[in-house]
Amino acid sequence: MIETPRLILRPWKDSDIAEFIRLTNTPTVMEFLGGVLSPEAMRESCMRAFASQEKNGFSFWIVERQRDLALLGFCGLKVGSAGPITGEIEIGWRLREDAWGQGYAREAAIATLEWAWRNLACSRVVAVTVRANTRSWGLMERLGMQRRRDMDFDHPDIPEGSPIRAHITYEIGRPTCAEP
Ligand SMILES: CC(C)(COP(=O)(O)OP(=O)(O)OC[C@H]1O[C@@H](n2cnc3c(N)ncnc32)[C@H](O)[C@@H]1OP(=O)(O)O)[C@@H](O)C(=O)NCCC(=O)NCCS
C-alpha cells in the first residue's frame with residue numbers, strides 16, 4: 001500500500017470491480033479507450049490487475065481518497081505488452097470524471113514512480129496514449145516525461161482506421177540518485 005498526502009494506492013479487492021465499473025465506464029472517461037465497454041469486457045480488464053499483482057507484485061492499483069475512502073480510479077504499473085513497449089515498465093491512470101482537475105492523478109503518479117524507483121531495477125518507466133488524449137499526455141509532461149517519437153506505434157489490438165490506433169510514447173529515466 002502507498003500513502004500520499006490525500007490518497008491511498010492499494011491492490012484490488014473483488015468488491016472494487018462493480019464500483020470501478022459504475023464510476024469509470026462512462027463515455028467521458030472511456031473516450032480514448034474505445035468507448036463504454038460491456039460489463040464483461042470491463043470485468044476482464046479489471047482481472048488483469050489482479051493477475052499482474054499476483055505475478056509481478058504491482059498493478060494498476062486502486063486509488064482511494066484518504067478523507068472518505070472514495071474509490072477514485074486506478075494508477076499504477078504494468079508490464080507493457082504492445083509494440084516497442086513490450087516488456088517495459090508502463091505507468092497508467094484512469095480516474096472517475098468528478099476526480100479530474102484536482103491534481104489527484106499527478107499525486108498518484110508521482111507516488112507510483114517513486115515506488116518503481118525504490119522497488120524495481122528498471123532504468124526507465126514508459127507511458128502511452130493517443131494524441132487526442134491531451135489530459136493524459138499533459139500529465140506525462142507535468143511528470144517530466146519525455147516524448148519518444150521513435151517509439152510511437154500502431155496498437156496491434158486496435159483495428160486499422162480507428163482514431164485510437166496510433167499511440168504516442170513517453171518515457172522517464174530513473175533519477176540518478178535513486179538506487180533500487
Ligand atoms: C488522464 C487523467 C488521469 C488526468 O487527470 P487530471 O485530473 O487532469 O490530472 P492531474 O491530476 O494532473 O490534475 C491536473 C489538473 O488539476 C489541477 N489541480 C487542482 N489542484 C491541484 C493540486 N493540488 N495539485 C496539482 N494539480 C491540481 C491542475 O491545475 C490541473 O488542472 P487543469 O487541467 O485545468 O490545468 C484523467 O483525465 C482520466 O482519468 N482520463 C480518462 C482515462 C484515460 O484516458 N486514461 C489515460 C489513458 S492513456
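Both counts, for ligands and for their atoms, begin at 1 and track the order of listing.
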(Q) Suppose we measure from atom 5 (O) of ligand 1 to each protein heavy atom; which comes out shortest, and what is that distance? (A) Ala105 CB, 3.7 Å

**Q.** Contact with ligand 1 for Phe32, non-hydrogen, under 4.0 angstrom
**A.** no

(Q) Looking at non-hydrogen atoms alone, which of Met30, Arg142, His167 comes nearest to atom 10 (P) of ligand 1? (A) Arg142

Q | Closest approach of Tyr104 to Ala99 (non-hydrogen atoms, all atoms of both residues) | A | CD1-O, 3.4 Å

**Q.** Numbering as shown, the atoms of ligand 1 that approach Tyr104 to under 4.0 Å (heavy-atom distance)
**A.** 11 (O)

Q) In terms of side-chain geometry, is the basic nitrogen of Arg43 or Glu40 positioned less than 4.0 Å from the acidic oxygen of its partner? A) no

(Q) For atom 24 (N) of ligand 1, what is the closest protein heavy atom, and at what distance to 0.1 Å? (A) Gly103 CA, 3.7 Å

Q. Among protein heavy atoms, which sits nearest to atom 22 (C) of ligand 1, and what does the distance come to when rounded to 0.1 Å?
A. Gln102 O, 3.5 Å

(Q) Is atom 14 (C) of ligand 1 near the protein, in the sense that some protein heavy atom lies at less than 4.0 Å from it? (A) yes

**Q.** Contact bool for atom 32 (P) of ligand 1 (protein heavy atom, d < 4.0 Å)
**A.** no

Q.
With a 4.5 Å cut-off on side-chain heavy atoms, are Phe20 and Phe74 touching?
A. yes

Q) Looking at side-chain heavy atoms only, is the closest gap between Met145 and Ile91 below 4.5 Å? A) yes

Q.
For a quick test of reading the model, state the closest non-hydrogen atom pair linking Trp12 to Ser59 and the distance between them.
A. CD1-OG, 4.5 Å

Q) Is it true that Trp115 and Trp61 have ring centroids separated by less than 6.0 Å? A) yes

Q.
Any salt bridge linking Arg165 with Asp157? Criterion: basic side-chain nitrogen under 4.0 Å from a carboxylate oxygen.
A. no

(Q) Closer than 4.0 angstrom, basic N to acidic O: yes or no for Asp152 and Arg149? (A) no

Q) Just how far is it from atom CD of Glu107 to atom OG1 of Thr112, taken to the nearest 0.5 Å? A) 11.0 Å

Q) Is any side-chain heavy atom of Phe58 closer than 4.5 Å to a side-chain heavy atom of Ile89? A) yes

(Q) Within the protein, is there a heavy atom lying under 4.0 Å from atom 28 (C) of ligand 1? (A) no

Q) Can an N or O of Asn133 be found at a distance shorter than 3.5 Å from an N or O of ligand 1? A) yes

Q.
For atom 40 (N) of ligand 1, what's the nearest protein heavy-atom neighbour? Residue, atom name and distance, please.
A. Trp100 CZ2, 3.2 Å

Q.
As an exercise, identify every atom of ligand 1 less than 4.0 angstrom from a heavy atom of Gly101.
A. 6 (P), 7 (O), 15 (C), 16 (O), 17 (C), 18 (N), 19 (C)

Q.
Is atom 37 (O) of ligand 1 touching the protein, meaning some protein heavy atom lies under 4.0 Å away?
A. yes

Q. Any idea which heavy atoms bring Arg148 and Asp150 closest together, and the distance?
A. NH2-OD2, 2.6 Å

Q) Just to confirm, does any protein heavy atom lie below 4.0 Å from atom 45 (N) of ligand 1? A) yes

Q: Within a distance under 4.0 Å of any heavy atom of Arg106, pick out the atoms of ligand 1 and give their elements.
A: 10 (P), 11 (O), 12 (O)

Q | Nearest heavy-atom neighbours spanning Ile164 and Leu33 | A | CD1-C, 4.1 Å

Q.
Quick test: of every protein heavy atom, which one is nearest to atom 39 (O) of ligand 1, and how far off is it to 0.1 Å?
A. Leu95 N, 2.8 Å

**Q.** Numbered atoms and elements of ligand 1 in range of Leu139, under 4.0 angstrom, heavy atoms
**A.** 12 (O)

**Q.** Proximal ligand 1 atoms for Thr129, defined as those under 4.0 Å from one of its heavy atoms
**A.** 48 (S)

Q | Under 4.0 Å to a heavy atom of Val128 - the qualifying atoms of ligand 1, by number | A | 48 (S)

Q) Atoms of ligand 1 less than 4.0 Å from Ser136 heavy atoms? A) 1 (C), 46 (C), 48 (S)

